[in-house]
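This report concerns only the one structure given below.
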Amino acid sequence: MNILTTLVEKTQEAITKLYGLSDSNISFEQTNSKFDGDLTFVVFPYLKYSKKRPEDTAKEIGDYISEKMEEIKSFNVVKGFLNIEFNDDYWLNVLQNRIDLGIQIPEIGMDKKIVVEYSSPNTNKPLHLGHIRNNVLGYSICQIFDAVGYDVVKNNLVNDRGIHICKSMVAYQKWGNSETPESAGLKGDHLIGKYYVMFDQHYQKEVIDLISKGVDKDDAKEKSPLMVETRNMLQKWENGDQEVISLWKKLNGWVYDGFESTYNRLGVSFDKIYYESDTYLLGKEIVKEGLKSNVFFKKEDGSIWIDLTPEGLDEKIVQRSDGTSVYITQDIGTADLKYQEFEMDKFVYVVGNEQDYHFKVLQLILKRLGKSYADGLYHLSYGMVDLPEGKMKSREGTVVDADELMDEVVSTAKKQTEELGKTDGMSPQELAELYEVLGIGALKYYLLKVDAKKRMMYDPKESIDFQGNTAPFIQYTYTRIASLLRAAEKVDFKLPKVFNPVEKDLIKLISNYPNVITSAANNYNPSEVANAVYELAKTFNKFYHELTILGEQDQNTRSFRITLSNMVGETIKHGFNLLGIQVPERM
RNA sequence: GGUUCCAUAGCUCAACCGGAUAGAGCAACGGUUUUCUAAACCGUAGGUUCCAGGUUCGAGUCCUGGUGGGAUCACCA
């Protein structure tokens, strides 16, 4: 039986016997590190039943439960806080279990399926730092759900059609001179991005020209020849015009090649990819049904709406008066498609918080339509990555390009490593891999260590750190351990005579690690894993500095420390794997 | 304007869903290497948790009102 369960049981028993109160909601928390003890029970809420001072109440309860449980070595009372300390046998047991069974994570997702949609790029420009946050978060949350036992489907919905795609196509057609990624020496996505920007520049000029000729601003935007041409192209695309389709295929193909290399370098992947060009007509049938069942209603001009005012929102359009569908209609259709294909228990959208309203509406509509899966929808709404001067904007060129940033951070890794000069004997290929692992790791960790929901700042002038709370720090800790283990003889695990305080801290962190994963899954929050691994690495470095491991004379103590180090290394590797970050054996 | 999210050390972020003396890293200053990797370790300094009330034994955390910032409210996606 779990120690915590027993503890709660006995505490309940104590409170019932002593104060006649049954059925209270007992909970323990980790003892604050500034006090002695392992777990803490707060007695303040029970004072009105005990009618005694906090100290006396805590002591009574402490006396009772330490009498009943032999795992309890001692307890101390500070004001209304009852701090309980377990004996060494208990901790030995915990460690023995960890050795025998490895890292055991509660399978809260057993027999459940989850579909996580992330990345979802537009195929008209290269990826930037904001996309990296999305990808890294999406991938990590998939790893975490996998670790807690879910059957995970990593899903990408590629926005490969629409007016924005036609913009790059028009520009390429006009000014491209049959340029190819090879002839231009550019990645495909960057080449297309160039034409997207080019379109916007010419378009802005046209609009200004028209305005100077006295045309109204909104009118000018509509009537600019480029925009007219773009709309025509979209029309042709929808009608299946051969020439347009083949241009579209060619340009999109280039972009996919570009994305693929970016994804590979980032280490993210997908099990199922949907293309909007295949799915954009979905949802229309559902709209038809919803109209019949009066979930939707039709206005005089033929447009179809849903009234969400009872839920405190507005009326929302689901089909235009010309019969075409809008963004949300496609999402309704795609949600249904997902369910038909996977029958998932949960489906997650990793999408920025600027779409909070959209997903609230989407879920409401699915509920109104009586879709059984609607409750399983979760919008993992992450914050934007801001620059010191504010939001990143593709059109204004104030973006941090994903590929450039990866190059930069990998070359920083190279420079740092060379300065430290500890990599003698590594082959050029091993070194190149190391720089990749360190650089990309630093970048990913930088993005994952902050709470996903919060918006964060990135200052391009200050390059990403390699010291302190960073991936290289943790990776360095791992290589220290790897190096130790290479030099150490095979050992049998033994318990030392006494635990050193740092050793005790390590044991606690290791034993608490599975709970961290559970919590990270429940909160859809990889940063909890990052912080726990950091805490562990930091504590290990303190341990490593304060105590000798291989040079320790006492056999038991030495083998214990080697085993403990090994466990720390395994835990770091496990945690980093959940974050999608690799660990090197040397650095 | 309506809705919604946010505000913690000079900077970037934590704080186990209401608990004890609010913690890290960076930056600054000082120290540690004949000994297992100094990308490390130890120390100093840095706080009225935006403001004003309220609830509670207890509030950075919950409620009300302000101030400041972001997002959103399209027959765009």
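Convention: sequence-line order gives letters A, B, ...; per-chain numbering from 1. Only this structure's heavy atoms are used, side chains among them; waters, hydrogens and symmetry mates stay out.
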Reckon [X] touches a base, only the sugar-phosphate, or nothing at all at heavy-atom distances under 4.0 Å?
X	answer
A/Pro54	nothing
A/Leu547	base
A/Asp314	sugar-phosphate
A/Met384	nothing
A/Gln475	nothing
A/Leu438	base
A/Lys391	sugar-phosphate
A/Thr470	nothing
A/Val42	base
A/Leu47	nothing
A/Tyr357	sugar-phosphate
A/Phe35	base

Centre-to-centre under 6.0 Å for [X] and [Y], is that the case here?
X	Y	result
A/Tyr445	A/Tyr534	no
A/Tyr196	A/Phe199	no
A/Phe359	A/Tyr378	no
A/Phe75	A/Phe41	no

Can you tell me if [X] touches the phosphate of [N], counting only side-chain N or O atoms and a distance under 4.0 Å to OP1 or OP2?
X	N	answer
A/Lys79	B/rU21	yes
A/Tyr544	B/rU37	yes
A/Lys538	B/rA24	no

**Study point:** A/Leu420 vs A/Phe543, nearer the 5' end of RNA chain B by closest nucleotide
**Key:**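 Residue closer to the 5' terminus by nearest nucleotide: A/Phe543.
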**Study point:** Comparing A/Gln330 and A/Thr40 on RNA chain B - which has the more 5′ nearest nucleotide
**Key:**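 That would be A/Thr40.
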Measuring only the [atom1] atom in each nucleotide, how far is [N] from [M]? A whole number of Å is fine.
N	M	atom1	answer
B/rG1	B/rA14	P	30 Å
B/rA52	B/rC5	P	24 Å
B/rU4	B/rC41	P	44 Å
B/rG2	B/rA28	P	46 Å
B/rG68	B/rG31	P	47 Å
B/rG66	B/rG10	C1'	27 Å
B/rU37	B/rC11	P	39 Å

Is a side-chain donor-acceptor pair under 3.5 Å present for [Y] with [X]?
X	Y	value
A/Tyr349	A/Gln355	no
A/Asp465	A/Thr470	no
A/Arg455	A/Asn353	no

Practice item. Using whole Å, report how far CG of A/Asn469 lies from P of B/rA27. Key: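 Atom CG in A/Asn469 sits about 14 Å away from atom P in B/rA27.
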Study note, to complete from the structure: Its dot-bracket string being built from Watson-Crick and G-U pairs below 3.5 Å, with | for another strand and [ ] for crossing, RNA chain B has the pattern (((((((..((((.....[...)))).(((((.......))))).....(((((..]....))))))))))))....
Check your understanding: Looking at A/Tyr382, is A/Arg133 sitting on its ring face, NZ or CZ under 6.0 Å from the six-membered ring centre and within 45 degrees of the normal?
Key ->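 A/Arg133 over A/Tyr382 ring: no.
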Counting side-chain heavy atoms from CB outward, which of [options] is closest to [X]?
X	options	answer
A/Lys454	B/rU37, B/rA7, B/rU21	B/rA7
A/Asn523	B/rC17, B/rC41, B/rC13	B/rC17
A/Asn83	B/rC57, B/rA20, B/rA39	B/rA20
A/Glu29	B/rG19, B/rU37, B/rA77	B/rG19
A/Gln416	B/rC36, B/rA14, B/rA39	B/rA39
A/Asn541	B/rA20, B/rA40, B/rA39	B/rA40
A/Glu354	B/rU72, B/rA39, B/rA77	B/rU72

Review point. How would you label the glycosidic angle of B/rC41: syn (within 90° of 0) or anti?
Key: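 Anti, which is what one calls it when the glycosidic angle falls more than 90° from 0.
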Exercise for review: Indicate whether A/Phe81 forms a stack on B/rA20; treat it as stacked only if centroid distance is below 5.5 angstrom and interplanar angle below 30 degrees.
Suggested key: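 Whether judged by distance or by angle, A/Phe81 passes, so it stacks on the base of B/rA20.
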Practice item. Would you please determine if the base of B/rA39 is stacked by A/Phe466, with stacking meaning a centroid separation under 5.5 angstrom and planes under 30 degrees? Key: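 Taking the rule of under 5.5 Å and under 30°, the ring of A/Phe466 does not stack on B/rA39.
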Review point. Looking only at atom types and distance, does a side-chain atom of A/Thr324 sit under 3.5 Å from a main-chain N or O of A/Arg320, one as donor and one as acceptor?
Key: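 Not a single qualifying donor-acceptor pair exists.
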Review point. Does a side-chain N-to-carboxylate-O contact under 4.0 Å join A/Glu418 and A/Lys414?
Key: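 Here A/Glu418 pairs with A/Lys414 in a salt bridge, since their nearest N and O are under 4.0 Å apart.
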